[in-house]
Number of protein chains: 2
Amino acid sequence: MDMAIKMKNKRPTLQDVADLVGVTKMTVSRYLRTPDSVSAPLQEKISAALETLGYIPNRAPDILSKSKSHAIGVLLPSLTNQVFSEVIRGIESVLEPAGYQTMLAHYGYSKEAEESRIATLLSYSVDGLIISESYHTDRVRKMLAVAGIPVIEIMDSVSPPIEQAIGIDNQAAAYAMTECMIKRGRQKIVYFAARMDQRTLFKIRGYETAMTDHGLTPLCLKTHSASSFTMGANFLKEALAQQPDTDGIFCTNDDLAIGALYACQKSGIRIPEDIAIAGFHGHDISRAMVPLLATVITPREDMGRLAAEHLLSRLQGNPITQAVIDLPFKIDIGESI
Amino acid sequence: MDMAIKMKNKRPTLQDVADLVGVTKMTVSRYLRTPDSVSAPLQEKISAALETLGYIPNRAPDILSKSKSHAIGVLLPSLTNQVFSEVIRGIESVLEPAGYQTMLAHYGYSKEAEESRIATLLSYSVDGLIISESYHTDRVRKMLAVAGIPVIEIMDSVSPPIEQAIGIDNQAAAYAMTECMIKRGRQKIVYFAARMDQRTLFKIRGYETAMTDHGLTPLCLKTHSASSFTMGANFLKEALAQQPDTDGIFCTNDDLAIGALYACQKSGIRIPEDIAIAGFHGHDISRAMVPLLATVITPREDMGRLAAEHLLSRLQGNPITQAVIDLPFKIDIGESI
DNA sequence: CCATGATTTGTTACGAGTAACATTACCATA
DNA sequence: TATGGTAATGTTACTCGTAACAAATCATGG
């Protein structure tokens, strides 16, 4: 066999193109960035050579010499949650048309994992970071400070931001929904909480404050595992066991609420006559189902979109105009409370 | 003000660490990779200096000299679709523990966009690619060939793969579900199709073949826009207008099916007595709702997981063991047919 | 007390593209 | 035809970490 020609299977470089044309790689480099800076005959020859070899630009040298990767790191707690899928969608809808690449990472709600993921993203010289959660370790804060790139925190608008935060006031949202249920006559409202992350803790506080403000006794069922329809059904059973006259359920997200709602339907519990159910986030399904789920509608995609827009603005050298952007939420009473 | 010390705000390099300790960067480099290759006193001093400066490794030189980024490019048609969120989850569940970074991109079902996204991913020297759809332009095929990195296609197991494909037989799946509905007595089944991508076309073919095989007349409602609950409701209206005695609906995905199902509930159409409804994919919601949605359960997360596993295996130098991996689907008749 | 080998640290070169500077080619005009 | 000026192309140096090689240091045994 001929094992001569083959072997050199590495992708073509500017030098390969230059050799084919008979010029230096500098000329090819110039052609790629400003075609007219090269003479007309060369333009054609270089263009043909690029096509022949299938040349693809290489960002590595640029990342090395200019520390600019044109990539943005996105660090979220989870990919399992629909909320974050929508955030990613919002982010990508801005970054991609702007020519930025998204580097996605997740840390499963673990602080140690967050540290290592941020280090990893920084090791790729990302030009900016979008991260979530409002609490960060000192090590994370130091890494971000040293990296000297713009960082935007999303999801929560209450905690003081590292630089800039875009989110909602989860506590106020939970308070509002709880109060709404109380005003509609519910007294024995149970809160279903999962994951127990920062945002969930804020929501619980909002719920508990609303309950005690109205002279009612809060009852919160908690799990550290992820939320799911099944978990919502399980929580329903437990709630009825602990508090048989439960007349309202407020869930940390739509999954739990829908799980609880279907479980009620299966056991002949009428919604909302017997028990009122409310969720959190307002996913598409809750806007379509029968009965319509009462929920707190949150601007998840907007959060991603705005975060990306502000990040790009800062990459263009603009200063931070607003350290905290508090996005509005909306209470939708649907048909389930 | 003192503008002396500040200014040099770029992130610390190995040289900075070395200067602080009083050695060459080579020594620090060695310490980072094999701490014991450096004398004990130096180990401590270097460790302290790294901490003081907040040094973060830089992958750029490695990418440049070894063309190894430890990043995997993932190109999907859309991020809007829950199917792909779950695929991403599967991919990340393997890549992240293996120390690989995910570079995510999407192309909105456009072939031109696919070309440019692949070029972008390659420009970052990704070590491997996971892409979707089975049809690719010549330019894409050439880029992939020149890049010389392992490529895995997911979602479809029928078309001949570039190198390796992992997916399901969409046509067979649609055929199976259609036949199942027919065997349960349905005659006037309408197909709801959206997006009209490769996979949808396969499904339509499966549905139509099953119908004609059983002497029935297929009727397919189509839209090029994305599927949604609303679209499912609209399709229902149109189906009843075009074929008032419609007794079955088979949808290209669960969203359309659920939208149609809820629309039926609202108009007093009984499911499945009056109309049988089936979806495709078996998302969590369809496994929890009342009535349980009949659906084709597809191994979305498995697809991602397997794709990532096979990719890693090939990055470790193993050959392709199976060019096409056809994953099983499952018909779940639920309570809606 | 020096030779020998082992251990530790240092030096040089490289990867791909580009900024900055240097050179060459070419044209028009005096 | 020499000259000035511009347009086109070439050269050099640089980015940061590390492989490969070189040098220095140290310990041990004869």
Colleague: If I take atom CG in residue Leu64(A) and atom P in nucleotide dA16(C), what distance separates them, rounded to the nearest angstrom?
Modeller: 12 Å

Colleague: Using atom NZ of Lys45(A) as one end and atom P of dA8(D) as the other, report the distance to the nearest whole Å.
Modeller: 16 Å

Colleague: On DNA chain C, compare the nucleotides closest to Ser67(B) and Ser37(B); which residue's is nearer the 5' end?
Modeller: Ser37(B)

Colleague: Base, sugar-phosphate, or nothing for Leu42(B), non-hydrogen atoms under 4.0 angstrom?
Modeller: sugar-phosphate

Colleague: Between the protein and nucleotides 18-22 of chain D, list the N/O to N/O atom pairs that are separated by less than 3.5 angstrom.
Modeller:
| residue | atom | partner | partner atom | Å |
| --- | --- | --- | --- | --- |
| dT18(D) | OP2 | Ser29(B) | OG | 2.5 |
| dA19(D) | OP2 | Arg33(B) | NH1 | 2.8 |

Colleague: Could you please spell out the steps behind the salt bridge (charged side-chain N to carboxylate O under 4.0 Å, His left out) verdict for Asp62(A) and Arg59(A)?
Modeller: CA-CA 5 Å; Asp62(A) 243 53; Arg59(A) 282 187 196 266; over 6 Å; no

Colleague: Are Arg195(B) and Asp197(B) ion-paired here, with the side-chain N under 4.0 Å from a carboxylate O?
Modeller: no

Colleague: What's the OH-P distance between Tyr124(A) and dC16(D), to the nearest Å?
Modeller: 19 Å

Colleague: Should the heavy atoms of other residues, nucleotides or ligands under 6.0 Å from CD of Glu44(B) be counted, would the total exceed 12?
Modeller: no

Colleague: Under 4.0 Å between a side-chain nitrogen and a carboxylate oxygen: does that hold for Arg305(A) and Glu309(A)?
Modeller: yes

Colleague: Check every strand shown and say whether Tyr31(B) touches a base, only sugar-phosphate, or nothing at a heavy-atom separation below 4.0 Å.
Modeller: nothing

Colleague: Show me the pairs that pass ring-ring contact (aromatic ring centres under 6.0 Å, His included) and involve residues 115-141 of chain A, at least two apart or across chains.
Modeller: none

Colleague: Of the listed nucleotides (dT11(D), dG17(D), dT8(C)), which one gets closest to any side-chain atom of Thr24(A)?
Modeller: dT11(D)

